[in-house]
Amino acid sequence: MLQRKRERKIRPYKKRKRAKENKIKPYKKRKKVKEENFFDNQPQLISLLAPEVIQEKKDYIYMGDDKYARIFTLMFYPNYIGIGWLDDILNTIGDVDISTQVQVSDERNVIKYLTHKVTKLQSDYLLFEKQGNIEELHRLQENIQAFEEMRRNIQINNDKLFFIKITLRVNAKSLEELNEKSKLLRDEFANKSCEVRPLYFKQLDALKETLPLNNNIINDNNRNMTTAGLAAMFPIARTKSSVKDGIYLGRDLFTGLPMNLETFTDGLANANIAIFGVPGAGKSVTVKTIIGRTALINRRSSILDIEGEYVAQTEKLGGRIIKVRQAIPVGINLFDIDIDEDSGFIDIDSKITEIRAIMNGIINKYENRTLKPNEIADIEQAVREVYREKEITKDKHSIYEKQGGKHEGIITFGNIKKKMPTLTDFHRVMKEKIKNKELASTLSNFLNGNTLGIFDCQSTLKINDQIICFDISEIKDEIMRYYVCLVLTTWITNKYMATKERNKRYVVVDEAWNLFKNQETSDFLENLARRARKKKVAMILATQNLSELRQSRQAEAIINCCDTIILLKQSVGSIDEIMKFFKLPSGTKEILTKARPGECILIRGGDIRAIKIDMTKFESEFITT
């Protein structure tokens, strides 16, 4: 059997797939996960200082939150300048930043330039001299001498030449205020024969130059200046409010320079001082500082102490304290009289006016009326009668009973003064001789032995004590306090101020608003403010709220009679009125509302300074309240 040959089928060739090769991937370093740093989330210092936005305009910059600035450069300088000639700019404009950039010049180039300058001037001098033009010779001769002296000083290393550029940034809260301040800035420099110009279209670069980063971006407007001129460029070089005489008061709040206070000077219209501040601002401490330090230069003080704050200081300084209490004689006699030092005789007529004013005040407080015509006549007749009984006339010798002898246990060779009439004598005459029972009945409450009889006595108070403190803090009754203030102010006017002496004196009235409650005591303060200078007396008035005082016509007149004003911290509610009344620059507003105790604005004859009143450790023991 034939075997059948198996046919072999040829399959089509298929390309085998090669196994994929495992490629070795390059090693990649894993990124470390950055740990969170909590300190990175805190705001940086630059974030606190940087403005919210900066928008540059043609001639000013807006920095957000009502902040505007305009940058000026000083183009033209006067020929001669003095130390502190830029002080008025800070005092008048207020919020102004002054940047002074200084570069030292090369001495060799300076000497070369000065030699060329002198040669040119000498050549011009010879040319004008040959031409017979004598008008320019004097000016050329002065310039030649000035440049030769400058060159000689630089050669011997006594002087240097600097390139100086002054940039001023005026800050304001509105565009209207900025324009107003800019005009005032131009006017101030014009008065100094200078000219400032805004840096048009360069405000942003100029802003960077005014920052304390030593940026010198704008290379224009450099001026040559010697060492003396450079020293005068600093606006904090000196202070006008500091004087050689007087007392040390404190230090300038910005410069740290010492500040002296002297009010008895020809540069001021009067010597009066007014001090204003909220409670706790340091009014009493300021007054005590002035009293204590003026005592060291032999100046006397009489203090009307309503709150009893000056007792400790008076004791420490060896002064006399008059403690006013009910029913205890003070040592002041209403009818005590002396020789008038101006006229040289006994002025009984003035004493009648004084007694009549006191009686009018008493009747007004008790019965809410003024004296009747017949009562005025009865008072005058009674006053003349009590002096007639003591044989006291206009003759200056009539107040003495004998010359020399023993008086109150002391042998004296001088004149011995008679015992003066008292309120008891006046009451007796009014009742028995004048027969005015109504006035006599009113006066009976003020006789010795009664609570109000503290001035029915002979005078024992001497006016030659260094410090006299009338402590009326224990008088709580309103009527008695009024009576006490009325008599004490009368005594100060007619006894303390009337005495002619070379030593300068102060009358201190703290918490003065108490005296402005009544017409009579207000009259005293106004009279004191107006007449004090002629008597070598200065009033020191301290109170809290200026707005309350301004409601009184007399109070405003008294403030206008004070050429020295000390403004301590003020309340936010009254600051605008104070700024307007004293015509203060806007820069003082923040100082007054945020001032710490002792920090104040001192206005002296129109000059304004921010100072910090200092006191020593010794003073703080009896000054601090």
Side-chain angles (χ1 to χ4, degrees), residues 40 42-77 81 85-106 160-190 192 194-225 229-237 254-255 585-587 590-591:
D40 293 340
Q42 295 182 350
Q44 302 298 317
L45 180 60
I46 189 65
S47 302
L48 299 175
L49 299 178
E52 298 175 359
V53 64
I54 295 180
Q55 185 179 12
E56 183 182 17
K57 300 293 184 180
K58 179 182 70 172
D59 61 343
Y60 71 90
I61 291 178
Y62 173 69
M63 293 183 287
D65 194 22
D66 296 331
K67 294 180 181 178
Y68 294 82
R70 179 173 288 137
I71 297 94
F72 294 82
T73 185
L74 189 56
M75 293 291 296
F76 300 104
Y77 297 75
I81 56 178
W85 74 292
L86 290 175
D87 285 1
D88 294 336
I89 305 303
L90 292 175
N91 295 332
T92 305
I93 311 300
D95 191 1
V96 179
D97 296 317
I98 301 179
S99 172
T100 304
Q101 295 188 359
V102 182
Q103 296 179 4
V104 182
S105 61
D106 187 359
K160 290 183 179 295
L161 200 66
F162 301 90
F163 298 124
I164 292 179
K165 178 174 63 176
I166 292 185
T167 309
L168 304 100
R169 187 178 77 206
V170 180
N171 304 297
K173 293 184 178 180
S174 65
L175 190 57
E176 292 76 13
E177 183 185 354
L178 183 64
N179 293 331
E180 184 180 348
K181 284 186 173 183
S182 299
K183 183 180 182 302
L184 189 58
L185 182 74
R186 289 190 178 99
D187 294 341
E188 284 294 326
F189 274 107
K192 300 177 182 295
C194 305
E195 183 181 349
V196 290
R197 293 179 181 176
L199 292 165
Y200 290 102
F201 302 105
K202 297 180 181 179
Q203 290 289 302
L204 187 57
D205 290 338
L207 175 64
K208 297 175 183 178
E209 286 197 350
T210 59
L211 300 176
L213 302 175
N214 195 23
N215 291 326
N216 188 11
I217 302 173
I218 304 174
N219 294 319
D220 302 332
N221 309 318
N222 289 329
R223 296 293 180 267
N224 302 331
M225 198 75 63
L230 174 62
M233 285 295 112
F234 293 92
I236 56 175
F254 299 108
T255 67
S586 58
E590 185 175 0
I591 296 175

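When reading the values below, keep in mind they use all heavy atoms of this one structure, side chains included, and skip hydrogens, waters and symmetry mates. For the single chain, residues carry numbers from 1 onward in sequence order.
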Test salt bridge (charged side-chain N to carboxylate O under 4.0 Å, His left out) applied to Glu177 - qualifying residues, sequence neighbours left out = Lys181
Working to the nearest 0.5 Å, report the span between [atom1] of [X] and [atom2] of [Y].
X: Gln103; Y: Phe163; atom1: CD; atom2: CZ; answer: 7.5 Å
X: Leu168; Y: Ser99; atom1: CG; atom2: OG; answer: 9.0 Å
X: Lys183; Y: Asp187; atom1: NZ; atom2: CG; answer: 4.0 Å
X: Met225; Y: Ser105; atom1: CE; atom2: OG; answer: 12.0 Å
X: Tyr62; Y: Ile54; atom1: OH; atom2: CD1; answer: 12.0 Å
X: Glu195; Y: Met75; atom1: CD; atom2: CE; answer: 7.0 Å

Do [X] and [Y] come close enough that some side-chain heavy atom pair is under 4.5 Å?
X: Cys194; Y: Phe76; result: no
X: Tyr60; Y: Gln55; result: no
X: Phe72; Y: Thr167; result: no
X: Leu184; Y: Phe189; result: no
X: Leu230; Y: Val102; result: yes

Of all pairs that satisfy side-chain hydrogen bond (donor to acceptor under 3.5 Å, both in side chains), the ones with a partner from residues 66-77, not counting sequence neighbours = Arg70-Asn179, Arg70-Ser182
Suppose we screen for side chain to side chain donor-acceptor pair (under 3.5 Å). Which residues come up paired with [X], at least two apart in sequence or across chains?
X: Arg223; result: none
X: Asp65; result: none
X: Glu590; result: Lys594

Name every donor-acceptor pair, under 3.5 Å, that has one atom in a side chain of residues 202-212 and the other anywhere in the protein, sequence neighbours excluded.
{"unit_1": "Lys202", "atom_1": "NZ", "unit_2": "Asp220", "atom_2": "OD2", "d": "3.3"}
{"unit_1": "Gln203", "atom_1": "OE1", "unit_2": "Ile71", "atom_2": "N", "d": "3.0"}
{"unit_1": "Gln203", "atom_1": "NE2", "unit_2": "Ile71", "atom_2": "O", "d": "3.2"}
{"unit_1": "Gln203", "atom_1": "NE2", "unit_2": "Leu199", "atom_2": "O", "d": "2.9"}
{"unit_1": "Glu209", "atom_1": "OE1", "unit_2": "Lys165", "atom_2": "NZ", "d": "3.2"}
{"unit_1": "Glu209", "atom_1": "OE2", "unit_2": "Lys165", "atom_2": "NZ", "d": "3.0"}
{"unit_1": "Glu209", "atom_1": "OE2", "unit_2": "Ile217", "atom_2": "N", "d": "2.8"}
{"unit_1": "Glu209", "atom_1": "OE2", "unit_2": "Ile218", "atom_2": "N", "d": "2.6"}
{"unit_1": "Thr210", "atom_1": "OG1", "unit_2": "Arg169", "atom_2": "NH1", "d": "3.1"}
{"unit_1": "Thr210", "atom_1": "OG1", "unit_2": "Leu207", "atom_2": "O", "d": "2.7"}

Dump the intermediate steps for salt bridge (charged side-chain N to carboxylate O under 4.0 Å, His left out) on Glu188 and Arg186, then the final yes or no.
-> CA-CA 6 Å; Glu188 284 294 326; Arg186 289 190 178 99; over 6 Å; no
